[in-house]
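Below is one structure, written out as structure tokens; the observations come after it.
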Amino acid sequence: MSKSNGTEAVNLMHDLHTRMINLPLTFRQRVCIECNWSVPTFYRKMRPSFRTVNGEKEQINPLLSNAEKEKIIAVSDEVYKEFWEYCEKYRKRNGKH
């Protein structure tokens with residue numbers, strides 16, 4: 001591999017792809033910590049349920065408290081902000097900003 005300024009060259013696409021595929025895992029982990037949920041609870045709350053009304057299936061969305069909704073949005077913002085900041089090294093390198 002070639003070297004640039006004493007550091008190994010990085011495959012931009014591989015690096016960003018690897019980071020991006022970990023975003024959902026990071027999001028899930030942080031929501032579980034902040035909301036004190038287990039992983040099964042996370043998926044149960046995310047998945048819609050169905051009930052039969054007059055012979056037809058009707059979707060029921062799990063209820064989230066206002067505090068849970070606020071925390072989920074805050075975690076989402078945090079995770080994306082961290083990814084945005086991580087990408088800053090590539091923006092500066094390519095002469096932008």
Exercise: identify the closest heavy-atom pair between C32 and S38: SG-O, 3.7 Å

Transitive ILVMFWY side-chain link I60 to L64, under 4.5 Å: no

Taking atom CG as the centre, does L25 end up with more than 12 heavy-atom neighbours from other residues, nucleotides or ligands that are less than 6.0 angstrom away? yes

Shortest non-hydrogen separation from V75 to E34 and the atoms involved: CG2-CG, 3.8 Å

Around atom CD of E56, are there more than 12 heavy atoms of other residues, nucleotides or ligands at under 6.0 Å? no

Look at the side chain of T52 and the backbone N and O of G55, then say whether any donor-acceptor pair between them is shorter than 3.5 Å. no

Side chain to side chain donor-acceptor pair (under 3.5 Å): which pairs involve residues 12-29, sequence neighbours left out? D15-Y86, D15-Y90, R28-Y43

Would you find more than 12 non-hydrogen atoms of other residues, nucleotides or ligands less than 6.0 Å from N36 atom CG? no

ILVMFWY cluster, M46 and L23 together (side-chain gap under 4.5 Å): yes

Please name all residues satisfying side-chain hydrogen bond (donor to acceptor under 3.5 Å, both in side chains) with Q59, sequence neighbours left out, ordered by chain then number. N61

For the CE atom on M20, are there more than 12 heavy atoms of other groups (residues, nucleotides or ligands in this structure) within a distance under 6.0 Å? no

Measure the shortest side-chain to side-chain distance between F42 and V31 over non-hydrogen atoms and say whether it is less than 4.5 angstrom. yes

Test K81 against E78 for salt bridge (charged side-chain N to carboxylate O under 4.0 Å, His left out), laying out the working first. CA-CA 5 Å; K81 181 178 183 231; E78 244 177 58; over 6 Å; no

Minimum heavy-atom separation for W37 and I72, please, with both atom names. CH2-CD1, 4.0 Å

Those residues at least two apart in sequence (or on a different chain) that pass side-chain hydrogen bond (donor to acceptor under 3.5 Å, both in side chains) with E82 are R30

Just checking K45: does its NZ atom have more than 12 heavy atoms from other residues, nucleotides or ligands closer to it than 6.0 angstrom? yes

If you group Ile, Leu, Val, Met, Phe, Trp and Tyr by side-chain heavy-atom gaps below 4.5 Å, do I33 and Y80 land in one group? no

Linking I/L/V/M/F/W/Y whenever their side-chain heavy atoms sit closer than 4.5 Å, directly or via other members, would F27 and V39 fall into one cluster? yes

Beyond-backbone contact of L16 with C87, side-chain heavy atoms, under 4.5 angstrom: yes

